[in-house]
Each structure stands twice: as C-alpha cells, then as structure tokens.
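In what follows, a single structure is set out as structure tokens and then discussed.
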Amino acid sequence: MTGFSGGCLCGAVRYAAEGEPKFAGLCFCRDCQRASGSACVGFMGIPASRLRVTGETRRFVSVAIHGGEAVRNHCPACGSLLFGGTYGVDSQHTVYAGSLDDPAAFRPGMVIFGKDRPDWFALPEGVRVFETMPG
Amino acid sequence: MIRQGGCLCGAVRYRASAAPLRQYLCHCRDCQRAGGGPFAAAMLFAPGALELAGTLAWFDVAGESGAVVRRHFCPGCGGRVVNAGVPDQGYRVVLAGTLDEPASFRPTAEIFCDSAWPWLAAVGQRKRRGWR
C-alpha cells in the first residue's frame, strides 16, 4: 500500500491517505461491534498529517476502556462508519477498513479486544492478539 | 432465548419475539462501507417479529442484486441497527453486532462472497451472490 482512499456508502464523505498505515488490525470491542453491526472493525492507524477528509462528518464520543474518550465519525447522510479521532485536532486517526476503495489490500497485524472475538471468527496467521488494548 | 439489543448510544433499542429465519454474513461492498468492518453480521426476522423503539434515520441504496435496501441507523451515534427492503414486505435484517448478547449469533451462511476479504476463513455455506 502506497496510500489508500475510501469513502462512505453515499459518497458524500471521501478520504485519502498518503503512505503506509503505521499499524493495522481488527477491533472486537463491544462498542465497535455495536457501531459497525459486525463482529469487528478493521482499522488502519495513520498520522493526521497524511490523511485528508472531505465532506461533513458527525462525531460520536463514548468512554474508552481506560476512561479516555473514543471518538467515532460517521456520515450523517448514510450513517457509514468512517474513522476514529477528531479531525483537525488529533495527531493520529484510525480509518475503518470496510470503507476502503480496495479492501483487499487491508492486512491486519494485530487484534485488540480479542476477549470479545466470536468463536466462529478464525484469525489469519501471524496476527498478534491482545485481550484488550496493547500495553 | 430473548434476542434484544440496540445502538451504541442506546437511543435505539429492539427486541425479537421469535428466532431469526436466517443468520449469515453479508460481504457485499455496501455492507462493508456502511459498517467499516469485514462484513455485516445479519439476522433475518419474519414480518412482525421485531419490536423497535427509538428514532432511526435511513439511507436507501440499490444493492449488487439490484434490490433496494433501506439501511436504518441511529442519527445520534451512527450505529447501524436494521435493514429493510423497498418496497417493504415486513422482513427485517438486524445487524448482530448490536445484540446485548452477541454470542447468540451463529452464522451458517455467507452471501456476496466475491467481495469477501481474501484472508477470511469460511464459516458457512458460501454464495457468490445473494439469496435469490
């Protein structure tokens, strides 16, 4: 991956990132399950300086595991879940892989909140599994 | 077993009075884009089997099969909760990640597998396209 692009279902929000993600993984936490409707989300960590988002997004803030804030952004028109972190404020974002134009390029290197992974979801070889968060 | 759940912020809640007709994964690009995950974890309920409380927004989109899907989400947190057909024949597809007890979701089939993430292992009968 020498950069990646994606956007929401209705096309009102688009994003483009330069360069490789700093990290990539799957998050099985209950909040990501509820927000996505799926078993997990795929995420790619990217410095804010290398990510450009166009179109209006709506933030939703929930309490993270260690008491901090977890910020998720969706398209207000179609509801698609797009990226984490406050755009224009945070120095790093997590972009959700389902919204990629080419999701086949996404390869997770880690699993977080592995404790909430359903038993029917087999992990690919070589991923590092954390019960909750790394560290 | 009572299947109930809701969106991330809790403004939308549901409760099913019957078991789902089907439990499956949908790998279509629309479900991937909407949820941010690898697939939609889906439970199909018969007409009348699902009681919903709260206000939902929705977005209509013609899927890969050509059928129009009405995708409902919570306007507050953006969490997707339920899909319906257009025109509505009463069937409801509930997104299983929203279950209060997600372990009750047991998928036995997968649809639109041409766009499945390539490293995912199969969990059930795999169909290239939708049900029809």
Side-chain angles (χ1 to χ4, degrees), chain A residues 6-12 26-28 30-43 57-62 70 72-84 94-101 103-108 116-127, chain B residues 5-10 12 23 25-27 29-42 56-61 69 71-83 93-100 102-108 115-124:
Chain A
C8 66
L9 189 51
C10 72
L26 303 172
C27 180
F28 288 89
R30 284 306 335 270
D31 283 2
C32 278
Q33 290 177 353
R34 282 200 196 266
S36 68
S38 186
C40 62
V41 297
F43 59 87
T57 55
R58 187 175 292 158
R59 290 166 77 243
F60 180 73
V61 182
S62 56
R72 292 177 178 82
N73 302 273
H74 63 274
C75 170
C78 68
S80 298
L81 188 67
L82 289 159
F83 65 94
T94 46
V95 175
Y96 303 129
S99 62
L100 284 168
D101 292 334
F106 171 72
R107 299 295 299 189
D116 295 321
R117 176 174 63 93
D119 56 6
W120 49 263
F121 194 116
L123 294 177
E125 300 261 325
V127 295
Chain B
C7 66
L8 183 53
C9 73
V12 177
Q23 302 187 59
L25 309 180
C26 180
H27 297 277
R29 285 306 334 269
D30 288 357
C31 280
Q32 293 172 350
R33 280 201 195 268
F39 45 69
L56 286 160
W58 67 83
F59 179 69
D60 286 351
V61 61
V69 180
R71 295 170 173 272
H72 296 82
F73 58 97
C74 170
C77 66
R80 62 234 66 262
V81 179
V82 61
N83 296 341
V93 174
V94 172
L95 284 297
T98 62
L99 283 166
D100 292 343
S104 65
F105 176 68
R106 310 299 306 177
T108 58
S115 48
W117 289 5
W119 49 265
L120 283 171
V123 303

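Chain naming here is simple, since letters A, B, ... match the order of the sequence lines and numbering starts at 1 in each.
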(request) Against chain A, work out which of Leu25(B), Val123(B), Leu99(B) has the most heavy-atom pairs shorter than 4.5 Å and name it. (result) Leu99(B)

(message) Less than 4.5 Å to any heavy atom of chain B: does that hold for the side chain of Pro118(A), its backbone, both, or neither?
(response) neither

(request) Would you please classify the geometry between the Trp120(A) ring and the Phe39(B) ring as parallel, tilted or perpendicular, with 30° and 60° separating the classes? (result) tilted

(message) Testing the basics here: between Trp117(B) and Ala97(A), what is the closest heavy-atom pair and its distance to 0.1 Å?
(response) CH2-CB, 3.8 Å

(request) Without swapping roles, check the side chain of Arg33(B) against the backbone of Leu81(A) for a donor-acceptor pair under 3.5 Å. (result) no

(request) Keeping the roles fixed (side chain from Arg34(A), backbone from Gly5(B)), state whether a donor-acceptor pair exists under 3.5 Å. (result) no

(message) Could you report the tightest heavy-atom contact between Val41(A) and Gly35(B), atom names first, then the distance?
(response) CG1-O, 4.0 Å

(request) Against chain A, work out which of Val61(B), Val94(B), Asp30(B) has the most heavy-atom pairs shorter than 4.5 Å and name it. (result) Asp30(B)

(request) Using non-hydrogen atoms and a 4.5 Å limit, figure out which bit of Cys8(A) sits close to chain B: side chain, backbone, both or neither. (result) backbone

(request) Give a yes or no on this: more than 12 heavy atoms of other residues, nucleotides or ligands lie within 6.0 Å of atom CH2 of Trp119(B). (result) yes

(message) Can you tell me which portion of Asp116(A) sits under 4.5 Å from chain B's heavy atoms? Options are side chain, backbone, both or neither.
(response) neither

(message) With chain B as the partner, which of Pro76(A), Gly6(A), Ala77(A), Cys75(A) has the greatest number of non-hydrogen pairs under 4.5 Å?
(response) Ala77(A)

(message) Please classify the contact between Asn83(B) and chain A as side chain, backbone, both or neither, with a heavy-atom cut-off of under 4.5 Å.
(response) neither

(message) At a heavy-atom distance under 4.5 Å, which candidate from Gly37(B), Cys77(B), Gly79(B) has the highest pair count against chain A?
(response) Cys77(B)

(message) Tell me whether the rings of Phe73(B) and His74(A) are parallel (<30°), tilted (30 to 60°) or perpendicular (>60°).
(response) perpendicular

(request) Considering only heavy atoms and a distance below 4.5 Å, find which of Pro124(A), Pro108(A), Cys40(A), Gly79(A) pairs most often with chain B. (result) Gly79(A)

(message) Taking Gly97(B)'s backbone N and O only, do any of them form a donor-acceptor pair with Arg30(A)'s side chain (distance below 3.5 Å, no angle check)?
(response) yes

(request) Quick one: closest heavy-atom pair of Phe60(A) and Gly76(B), and the distance? (result) CD1-O, 3.8 Å

(request) Against chain B, label Leu123(A) side chain, backbone, both or neither, depending on which of its atoms sit under 4.5 Å from a heavy atom there. (result) neither

(message) Does any backbone or side-chain atom of Phe121(A) lie under 4.5 Å from a heavy atom of chain B? Answer side chain, backbone, both or neither.
(response) side chain

(request) May I ask you to name which of Ser115(B), Pro107(B), Pro118(B) has the most heavy-atom pairs under 4.5 Å with chain A? (result) Pro107(B)

(message) Measuring from atom CZ of Arg71(B) to atom SG of Cys10(A), what distance do you get when rounded to the nearest 0.5 angstrom?
(response) 12.0 Å

(message) Quick check for you: among Cys27(A), Ala122(A), Ala104(A), Ser62(A), which has the greatest number of heavy-atom pairs under 4.5 Å with chain B?
(response) Ala104(A)

(request) Check each of Ser38(A), Pro103(A), Ser36(A) against Pro38(B) using the side-chain contact (heavy atoms from CB on, under 4.5 Å) test, and report the only one that passes. (result) Ser38(A)

(request) Name the member of Pro102(B), Cys26(B), Cys7(B), Cys31(B) that forms the most heavy-atom pairs with chain A at distances under 4.5 Å. (result) Pro102(B)

